[in-house]
Amino acid sequence: MNIRIRTLVFSLIICMLLPLFWGHASCKATEATFTPSQNGSYVGITDAIENTIVDLSHVQYVLESRILPKDGKDRFVRVDTTDLNNDTPRSPAVIGKADCSFNEHLSLHPNNQESYVILDVSNLDCDRFYSAVGISAATGKANNKGVVFTVYGYSEAKEMFELLATSGDLYGYESGEFHVDIRGYSIIKLSVSLTADAKDYNSRTASWCNVSAYKSTQGDVPKEDTSIQIPEFTSSGVTALAPHYCGNDNFELVYESLGNSILADIAAYETRLQQAGYSLYARNNIGQNQFFTYVNDNTLIHCTYFHSTQVFRIVYGPRTYTGPQSPVTDHKKVVTPSVSIMGMTDSELCMVFQLEDGSFIIIDGGNGTDRNETVILNEGTEHEYAFEVHRSVETNLATIWNFLKNNTPEGQRPQVTWMITHADGDHIALPQLFIEKHSNEFDLNTVVYNFPNFNNIGLSSTLNPDNFTRSVDQFLSAVQTHFPNANHYIYHTGMKLYLPGCEIEFLYSHEDFWPAKMTSCNHTSGIWRLTIADKTILVTGDCEADPNRTVASHFGNYLKSDVLQVVHHGSNGGTYSFYRQIAPSVCLWPCTQQHFEYDLRRTGQLAGWTFNKYLRETAKAHYSCGATTTLRLPSLEVRPEPSSPDYMETQPSVPSDFDTQPSGTTSVTESTATEPAPAGSLNSVVYAVVIGVFVLCVIIFTIILLCKRNAAKQK
């Protein structure tokens, strides 16, 4: 072999190896490195706001003092103090705001006397007073040490203090909380006194208090609207609960202890509705469960019967938008439909569906505030892991907008249906901001929601219902301001909403859970299933474990779905019974990739979170919101470039074999979560191999030509 040929062969070997090094380098370039956590603690006054006075005479006694979230004219102050567990006299806390000082003090550890604080609200544009007192002594209940917590209002017209609310006895780790109407009162008195049977007057009584005056965004809780008269439901032996205001101008009637004649009684009620001038709008039977909706010109009546719990419900109120009740087929099929989990800068839920006519469905969105902090997972264990979170509202807004803009067919404006699972800030805040920022650039056709009345569902005493109400009002106000002609679809369980090539079936609303207490906003999160191109995608929002168990008992294996949005960012709320009925092939995790890989809850390795272990062992593919991932429907294959319209082929593509794991997914073994291949790493290897083969062919062809030329010269 002459020198020229040997050189070419050597070059051939180098060219074959280079693509492999290139692919490996591409993989390494996307790996992330993180530093260990640095534990620390802070004791003192925190979160001070301009023009706010929080002055404690003995700072060494302070455990924590913070100004609670402030909005507009609201006045929030909270002071927490240590529990000395003795009778040492304490210097009182002087709590105030520049324009509404507390001229008298609340002694948080009463000493043989009533303690109180007086708040002058005469110059404040506030109509409600919030207050709470708690007990932090573990021995309080056992030793019968308690406290009575009372709120009084002083009216100049009446020239007297009037009882507004009282807690009764509170014992050990309990708290009393009030949101009281203070219209007509100029001074509020918050009083704390020991119970009559508490003999020990040391500091193991009231240990913290919250006080605030604020402007209500909701006003009075509506009473039953007697202007809406609906036919009465009757059944022998039935227990009827009092009408419940469930939000959205709707009321709910619940009938329990149903007898054997319940099915006949329901049929008789439908006859009664028809005789009263109502017409059937929609019906949906799922197993032995019944759902039907009747309407007249002004009123909508939706009825649900759950066979497993033997409960019949009637939700009624003003007639609202109901949408078409049969599949929408009169549209041009432009793009391949898809579902995307959007890449966010924190653990936030934002999903975007693109329908075959090119329109979009957006589910939730994310937070409305930036965040920069160190997150520590599995703290105090050998698996402790720390990483930095830099949540950026602007980045997340741009991610959603660019996706809509880039994937909208040429010559069109993005057409959007926006669905909100519940009113937590990390779900509803970003949609409001997006609407306010981009309203001139897209069309919002329909908003879908069902928000409760947060004042009567049993929220935990640590939650302020008006915060959720305010979030809802701000979102709906943005919709009304910028899209006054948008449809408002208020869903109820069993209903179906049809969009082009898409069916949305609603499988849970907060109305199904009442009268059980919904102690968190997550209890009010909807559960919906979208069917697109014969594939089913179950959306769960942040729904809590108890509602999920209820849904599993109601529907059983009817819940089976191809794709699951994992409950509550993959942390809490899931249950084995719920997930086993769904049995998804693909899981979308609304959490950072670090949470997905290293959080022992999400890997299912922590006791009590084995439901996540089940998902990771049985589902074939998993995607976090660390990066935007788009799945084509029905193939469930990953779109390699989800940044331009995926125009539908003239001939339908052959679905991929989903028995093999799609690129970019993560499979999890029983004991540990294996690290996923970084996005694009598999594609890099494929490209490298293709280039290598091409170079090889060129070199071989060149060698053949040279050999022929040398042979010709020798002749």
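All of these numbers come straight from a predicted model, not from anything done at the bench. The first residue of the sequence shown is numbered 1, and numbering continues consecutively from there.
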F306: what forms a ring-ring contact (aromatic ring centres under 6.0 Å, His included) with it, not counting sequence neighbours? F291, H554
Any side-chain donor-acceptor pair under 3.5 Å between D562 and S585? no
T421 and D364: side chain donor to acceptor below 3.5 Å: yes
Ring-plane angle category for H569 and H427, please: parallel below 30°, perpendicular beyond 60°, tilted otherwise. tilted
Kindly assign one of parallel, tilted or perpendicular to the pair F434 and W401, based on the angle between their ring planes and the thresholds 30° and 60°. tilted
Please check if any side-chain donor atom of S624 sits under 3.5 Å from a side-chain acceptor atom of Q593, or the reverse. yes
Geometric class of the Y449/H488 ring pair [parallel <30°, tilted 30-60°, perpendicular >60°]: perpendicular
Distance (rounded to the nearest 0.5 Å) between I363 CD1 and M351 CE: 5.0 Å
Heavy atoms of G365 and C350 approach each other most closely as O-CB, 3.5 Å
Tell me the closest heavy-atom pair linking A478 and I435, and the distance in Å. O-CG2, 3.7 Å
So with a 6.0 Å cut-off around CD of Q310, is the heavy-atom count from everything else above 12? yes
For F353, ring-ring contact (aromatic ring centres under 6.0 Å, His included) partners two or more places apart: none
Is it true that R470 and D473 make a salt bridge, defined as a side-chain N closer than 4.0 Å to a carboxylate O? no
Distance in Å, L349 CG paired with I420 CD1, rounded so as to fall on 0.5 Å steps: 9.5 Å
Partner of T345 under side chain to side chain donor-acceptor pair (under 3.5 Å), chosen from D370, T399, N396: N396
In terms of ring plane angle, is the pair F360 and F403 parallel, tilted or perpendicular, where the classes change at 30° and 60°? perpendicular
Pair E252, Y316: side-chain N/O donor-acceptor within cut-off below 3.5 Å: no
Where do L559 and S561 come nearest, in terms of heavy atoms and distance? O-OG, 2.8 Å
Minimum heavy-atom separation for I527 to C543, with atom names? CD1-SG, 3.9 Å
Is it the case that the ring center of F468 lies less than 6.0 angstrom away from the ring center of F454? yes
Shortest non-hydrogen contact from H510 to C246? CE1-O, 3.2 Å
According to salt bridge (Lys or Arg N to Asp or Glu O under 4.0 Å), does anything in residues 508-534 pair up with another residue at least two apart or in another chain? List the pairs. E505-R529
Under 3.5 Å, is there a donor-acceptor pair between the side chain of N450 and the main chain of G526? no
Can you tell me if H307 and N289 form a side-chain donor-acceptor pair at under 3.5 Å? no
Looking only at heavy atoms, which two atoms of V447 and F475 are closest? And how far apart? CG1-CZ, 4.2 Å
Taking the six-membered ring where the residue is Trp, are the ring centres of H595 and F387 under 6.0 Å apart? yes
Between H244 and W514, what is the ring plane arrangement, given parallel below 30°, perpendicular above 60°, and tilted in between? parallel
